[in-house]
Each structure stands twice: as C-alpha cells, then as structure tokens.
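The figures here come from the full heavy-atom set of this structure, side chains too, leaving out hydrogens, waters and symmetry mates.
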Amino acid sequence: DMILYEVTTTMHIEVAAFFIKQPESREFLLMARRGLDRGADLRLREDHPIVDWLSSHEHALTRHVMEVAPQFKALWAQERKDLESIGAELFVPLKAKGELVGILVLGPKLSEESYSQDDQLILTTLANQTAMAIENARLYEAQRRRRAELEALHQASLHLTSTLELQLVLEAMLDYALKLVSADDAHIFLYDGERLTFGAA
C-alpha cells in the first residue's frame with residue numbers, strides 16, 4: 001500500500017495494483033490496490049499470457065505491445081474484461097533471483113502522457129527492490145513458523161519424558177500435535193498386533 005501510494009502520487013496515476021504469486025496455487029492474486037474497487041477479486045493464472053511474457057522478459061510490458069503481439073490473442077473474455085476494469089497501461093515484473101514473484105500493474109497517467117523509457121526503468125528498479133522485500137518477508141515468516149514448530153516439539157519432548165503414565169503421554173501428544181498443525185480435532189488409536197483400540201482424543 002505504501003509503495004502504491006508513493007508511485008501513484010509521484011507519477012500522477014489514478015489506478016495501480018500489485019498481483020503477488022501465491023506459493024500454494026501459483027496464481028497471481030490481487031493483494032494491494034489503489035483507485036480500484038475493494039470488492040474486486042482479480043487473479044492471473046500461472047499460464048496467463050501476461051505471466052508467461054513477464055517471466056521471460058526483464059522489462060515492463062506495455063498495453064501497446066499487448067495489442068499487437070500474437071500471444072495475447074489467447075486471453076479469455078473474462079480476463080480481457082478484468083484487465084479493462086483496471087485500465088492497465090503498464091505491467092512491471094517483480095523478480096527475485098530470476099523468478100517472477102509479482103506484477104505491478106499501472107493505469108494511465110492523469111496527464112494522458114505515455115510511460116517513457118525512464119519511467120519504465122525507474123519502475124522496474126523499484127519493482128525488483130519490492131520483489132526482494134517480498135521474498136525476505138516470506139523467508140522471515142517461514143523461519144518464524146519453523147522456530148514455533150521446534151519450540152512445540154521441545155515442549156512436547158519435555159512433557160513426555162516427565163511422566164511414564166501412558167494416558168498422560170497420549171493426551172500430551174495430541175495437545176502438541178493440534179497446536180503444531182492448527183487442527184481442531186485429533187485421535188490416537190493403539191495397535192496391539194491384532195486390532196486398533198481407542199487411545200485418546
């Protein structure tokens with residue numbers, strides 16, 4: 001939001017947005033916006049022509065190139081409608097270690113001037129710095145989760161070695177397992193060599 005505010009204010013742009021790659025789905029989801037309806041739930045699929053193009057180029061994609069390049073004829077009708085709702089004039093790749101992690105989308109300037117080469121260079125530099133910040137934030141979050149997991153395992157280990165009573169051990173295991181994976185429910189069944197018997201819930 002801060003970056004979008006600075007970019008739109010400095011360059012006099014009404015509409016701007018960040019699409020950020022989601023690690024699970026690998027889609028690019030609209031994560032921050034300025035001048036766009038808050039209800040819009042826009043996303044770009046992993047094999048979207050814009051994503052393909054930006055993945056293989058280091059510079060911004062302009063609306064003019066989109067209008068003449070053949071690979072963009074493959075856009076679905078809904079995708080065209082979504083892009084028109086943004087009024088996108090420029091797509092700037094956010095790359096970290098050579099991988100596309102996001103896209104900065106900009107609408108037209110209020111002056112109606114086109115984006116110059118200098119504008120595009122400045123925006124690409126800013127986008128790459130933003131990409132590194134995104135990757136650092138994700139790395140920090142992964143490390144934070146890992147530390148929490150290790151602490152939970154350590155606490156479980158201390159608890160389990162403090163008692164020899166089976167029922168208490170099973171209940172402690174369930175408690176730590178639920179915390180570790182943020183689950184609502186869990187059960188332990190014991191196998192005696194022939195059949196499963198209920199152990200704890």
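Nearest heavy-atom pair across A186 and L178 is CB-CD2, 3.7 Å. Annotation for L4 and A16: closest pair CD2-CB, 3.8 Å, computed over non-hydrogen atoms. Minimum interatomic distance between A17 and L36 (heavy atoms only, all atoms of both residues): CB-CD1, 4.1 Å. Counting all heavy atoms, side chain and backbone alike, V101 lies closest to F28 at C-CE2, 3.9 Å.
Looking at heavy atoms from C-beta onward, L104 lies out of side-chain contact with L90 at the 4.5 angstrom threshold. A heavy-atom distance below 4.5 Å is found between the side chains of K95 and E58. Considering only heavy atoms from C-beta on, I50 stays 4.5 Å or farther from F19 through its side chain. Using a 4.5 Å heavy-atom threshold, the side chains of I20 and R138 count as touching. Looking only at side-chain heavy atoms (C-beta outward), L42 and R33 stay at 4.5 Å or farther from each other. A 4.5 Å side-chain heavy-atom check between M11 and L106 finds every atom pair outside the cut-off. Contact check for V51 versus I103: side-chain heavy atoms found under the 4.5 Å cut-off. A 4.5 Å side-chain heavy-atom check between L44 and F91 finds every atom pair outside the cut-off.
Counted within 6.0 Å of NE2 on H57, heavy atoms from surrounding residues, nucleotides or ligands total more than 12; the atom is thus considered enclosed. Open room surrounds CZ on R195; 12 or fewer heavy atoms of other groups in view lie less than 6.0 Å from it.
Scored by the side-chain hydrogen bond (donor to acceptor under 3.5 Å, both in side chains) test, T8 finds R34 as partners (sequence neighbours excluded). Partners of E112 under the side-chain hydrogen bond (donor to acceptor under 3.5 Å, both in side chains) rule, at least two apart in sequence or in another chain, do not exist in this structure. Contacts of D175 classified as salt bridge (charged side-chain N to carboxylate O under 4.0 Å, His left out), with partners at least two apart in sequence or in another chain: K179. Every residue two or more places apart in sequence or in another chain was checked for a side chain to side chain contact (heavy atoms under 4.5 Å, CB included) with I122, and none qualifies. Qualifying side chain to side chain contact (heavy atoms under 4.5 Å, CB included) partners for S114, counting only residues two or more places apart in sequence or in other chains: none. Applying the side-chain hydrogen bond (donor to acceptor under 3.5 Å, both in side chains) test to D185 and every residue at least two apart in sequence or in another chain returns H187. Looking at residues two or more places apart in sequence or on another chain, you find a side chain to side chain contact (heavy atoms under 4.5 Å, CB included) between E89 and R63, P108, Y115. The side chain to side chain contact (heavy atoms under 4.5 Å, CB included) check on E46 picks up R26, with sequence neighbours excluded. For R144, the side-chain hydrogen bond (donor to acceptor under 3.5 Å, both in side chains) partners are E141, not counting sequence neighbours.
Although no hydrogens or angles enter the test, the distance criterion places no donor-acceptor pair under 3.5 Å between the side chain of D52 and the main chain of P49.
Under the 6.0 Å cut-off for aromatic ring centres, H48 and W53 do not qualify, their centroids lying 6.0 Å or more apart.
Hydrophobic cluster membership is shared by V65 and L83, with clusters built from Ile, Leu, Val, Met, Phe, Trp and Tyr side chains linked at under 4.5 angstrom. Linking ILVMFWY side-chain heavy atoms closer than 4.5 Å, directly or via other members, places L123 and M31 in a single hydrophobic cluster. Tracing side-chain contacts under 4.5 Å through hydrophobic residues (I, L, V, M, F, W, Y), one never reaches F72 starting from V68; they form parts of separate clusters.
Separating the CG atom in D47 from the CD atom in E27 is a distance of 9.5 Å, to the nearest 0.5 Å. To the nearest 0.5 angstrom, I13 atom CD1 is 8.0 Å from L110 atom CG. Distance CG/L54 to CG/L100: 6.0 Å, rounded to 0.5 Å.
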List the atom pairs, with distances to 0.1 Å, where a side-chain N or O of residues 125-133 and a protein N or O form a donor-acceptor pair under 3.5 Å, not counting sequence neighbours.
unit_1	atom_1	unit_2	atom_2	d
T125	OG1	L121	O	3.0
N128	ND2	T124	O	3.4
T130	OG1	L126	O	2.9

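Pairs passing the side-chain hydrogen bond (donor to acceptor under 3.5 Å, both in side chains) check and including a residue from residues 10-21, sequence neighbours excluded, read K21-E99. Residue pairs that meet the salt bridge (Lys or Arg N to Asp or Glu O under 4.0 Å) test with at least one member in residues 76-88, sequence neighbours left out, are R45-E79.
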